Protein chains: 2
Amino acid sequence: MAKFNPRLYFITDSTKYEKEEFLSRVEAALQGGVTLVQLREKERTTREYLELAREVHALTLKYNVPLIIDDRLDVAMAIDAEGVHLGQSDLPIGIARKIFGLDKIIGATAKTVEQAKEAYEQGADYLGVGAIYPTTTKVKTILTSTDMLDKICHAVPIPANAIGGLNKDNIDVLKGIPIAGICVVSAIMKADDPKKAAEELSEAVKNKLGF
Amino acid sequence: MAKFNPRLYFITDSTKYEKEEFLSRVEAALQGGVTLVQLREKERTTREYLELAREVHALTLKYNVPLIIDDRLDVAMAIDAEGVHLGQSDLPIGIARKIFGLDKIIGATAKTVEQAKEAYEQGADYLGVGAIYPTTTKVKTILTSTDMLDKICHAVPIPANAIGGLNKDNIDVLKGIPIAGICVVSAIMKADDPKKAAEELSEAVKNKLGF
């Protein structure tokens, strides 16, 4: 199985693209060095989500990168994805862990130390923490301070990623916080050249955050 | 486990009701003799669907009636529901059967003999066939003739139910077709007295359809 590494975690957004263009952007991101991919679909039927997930999974398998399915454990199980990401409006982590098994990756969203501890205790493998900056990807954005991010990183022994409006020019603010990686949507998805964008983000993580 | 009997299959629609009113209508339907209940939610988050499913399941268990979850295998597994119903936009039946197990009920929607045979071959336990009459429950309704319903009933060895705009006054049209039961939403859900509506439907099935 592809190794779990949340260092440069690319979360997709297919809403603006035809399928071929979308898949080509995902593949470019993989070529540019993203270490983890999440397929996030909110508007599709289950069957459409499943079919797109299969195609994205074929790409991530080719580059040996785990694929995480947002929200839908049924879709994740149907394509035998490596993981599922569960926000506060999705299935509880503990229930998903029982159904999905111990060898699968389960990610959680946490905005507070309490949510982080609960997710960890229920069996989450990693946390997404944010939004650090305002984002256009979600309708309602509740910001999380870098102080809170730092507290969460120190409160639980699982990797935590920063998320929300991050790009190569604004990640300095995360310096010194023991995050495991950054999550990005737009910085890669909407880039003129997603491969180059992923490469530059990877460089920025190395140069500015030191890992 | 509650015995599977699709004779009077009540499909819920919670969209017009506060939760307490909705649950009280579901319980009234159970008191009135519905033999199978499907929870169908299209607009809720996964967590909301799960929480409502748990409450409905507590009611159906009390009346020893199986609960079928529409579309969402993850929600069905999370509450250990007796079954899941999968339409043509949902997970394929064969995939769901592998994940959900052999002892669970899996229902399918079929509008043609081809769809019916495919669902049966993939492991469906029953079929919903319609819409026999126009319905207000779904945005787009494609009608299925009673001739087609009859053909489907004869084409596969699993029970088939008629669905779509059915009520106690218009089911005569199904007479002589070897259906296993009828599915209703509005005829019970929107009734002034859902218990009485279920009782009257049960009587009508007996008197007009002979089972």
Side-chain angles (χ1 to χ4, degrees), chain A residues 38-55 57 68-81 83-101 103-104 106-111 115 118-119 122-124 138-140 142, chain B residues 38-55 57 68-81 83-101 103-104 106-111 115 118-119 122-124 138-140 142:
Chain A
Q38 179 185 129
L39 180 65
R40 179 157 73 184
E41 296 293 326
K42 292 294 185 195
E43 305 298 325
R44 294 182 191 270
T45 66
T46 302
R47 185 72 65 98
E48 289 166 347
Y49 201 161
L50 172 74
E51 285 169 0
L52 191 63
R54 269 195 191 124
E55 298 201 62
H57 202 205
I68 310 293
I69 299 295
D70 182 54
D71 180 6
R72 299 292 301 268
L73 182 60
D74 50 351
V75 173
M77 291 178 80
I79 67 152
D80 195 24
V84 69
H85 186 90
L86 300 171
Q88 298 287 328
S89 307
D90 307 332
L91 283 191
I93 304 291
I95 290 177
R97 178 59 75 196
K98 279 183 201 155
I99 299 171
F100 204 17
D103 60 330
K104 293 292 191 178
I106 299 183
T109 301
K111 291 178 182 298
Q115 287 178 354
E118 194 192 356
Q122 288 193 21
K138 294 205 171 186
V139 182
K140 285 186 294 184
I142 298 164
Chain B
Q38 178 185 130
L39 180 64
R40 179 158 73 183
E41 296 292 326
K42 292 294 185 195
E43 305 300 325
R44 294 183 191 270
T45 66
T46 303
R47 186 71 66 96
E48 289 167 347
Y49 201 160
L50 172 73
E51 285 169 0
L52 191 63
R54 269 195 192 126
E55 297 201 62
H57 202 204
I68 310 293
I69 300 293
D70 182 54
D71 179 8
R72 299 293 300 268
L73 182 60
D74 50 351
V75 173
M77 291 178 80
I79 68 153
D80 195 25
V84 69
H85 186 90
L86 301 172
Q88 298 286 327
S89 308
D90 307 333
L91 283 190
I93 303 292
I95 291 177
R97 177 60 75 196
K98 279 183 202 155
I99 298 172
F100 205 17
D103 59 330
K104 294 292 191 178
I106 300 183
T109 301
K111 291 178 182 298
Q115 287 177 355
E118 192 191 357
Q122 289 193 20
K138 294 205 171 185
V139 182
K140 287 187 293 183
I142 299 164

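Computed from heavy atoms alone, side chains included, the values below leave out hydrogens, waters and symmetry copies. Just so it is clear, the structure is predicted and the values come from calculations on it, not from any experiment. Numbered from 1 within each chain, the chains take letters A, B, ... in sequence-line order.
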Can you measure from [atom1] ([X]) to [atom2] ([Y]) and round to the nearest 0.5 angstrom?
X: B/Thr46; Y: A/Leu73; atom1: OG1; atom2: CG; answer: 9.5 Å
X: A/Ile95; Y: B/Arg47; atom1: CD1; atom2: CZ; answer: 8.0 Å
X: B/Leu86; Y: A/Asp74; atom1: CG; atom2: CG; answer: 9.0 Å
X: B/Ile99; Y: A/Ile99; atom1: CD1; atom2: CD1; answer: 10.5 Å

Exercise. Mind ranking A/Ala96, A/Gly87, A/Ala78 by heavy-atom pairs under 4.5 Å with chain B and telling me who comes out on top?
Key: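 Between A/Ala96, A/Gly87, A/Ala78, the count favours A/Ala78.
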
Quiz item: For chain B, which of A/Glu51, A/Lys98, A/Gln88 has the most heavy-atom pairs under 4.5 Å?
Solution: A/Gln88

Quiz prompt | A/Leu91, part contacting chain B, at a heavy-atom distance under 4.5 Å | solution =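 Both parts, backbone and side chain.
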
Practice problem: Side chain from CB out, backbone as N, CA, C, O: work out which of these in A/Arg44 comes under 4.5 Å of a heavy atom of chain B, or both, or neither. | Solution: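 Neither; nothing under 4.5 Å.
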
Self-check item: Nearest heavy-atom neighbours spanning A/Pro92 and B/Leu50
Solution: CD-CD2, 3.3 Å

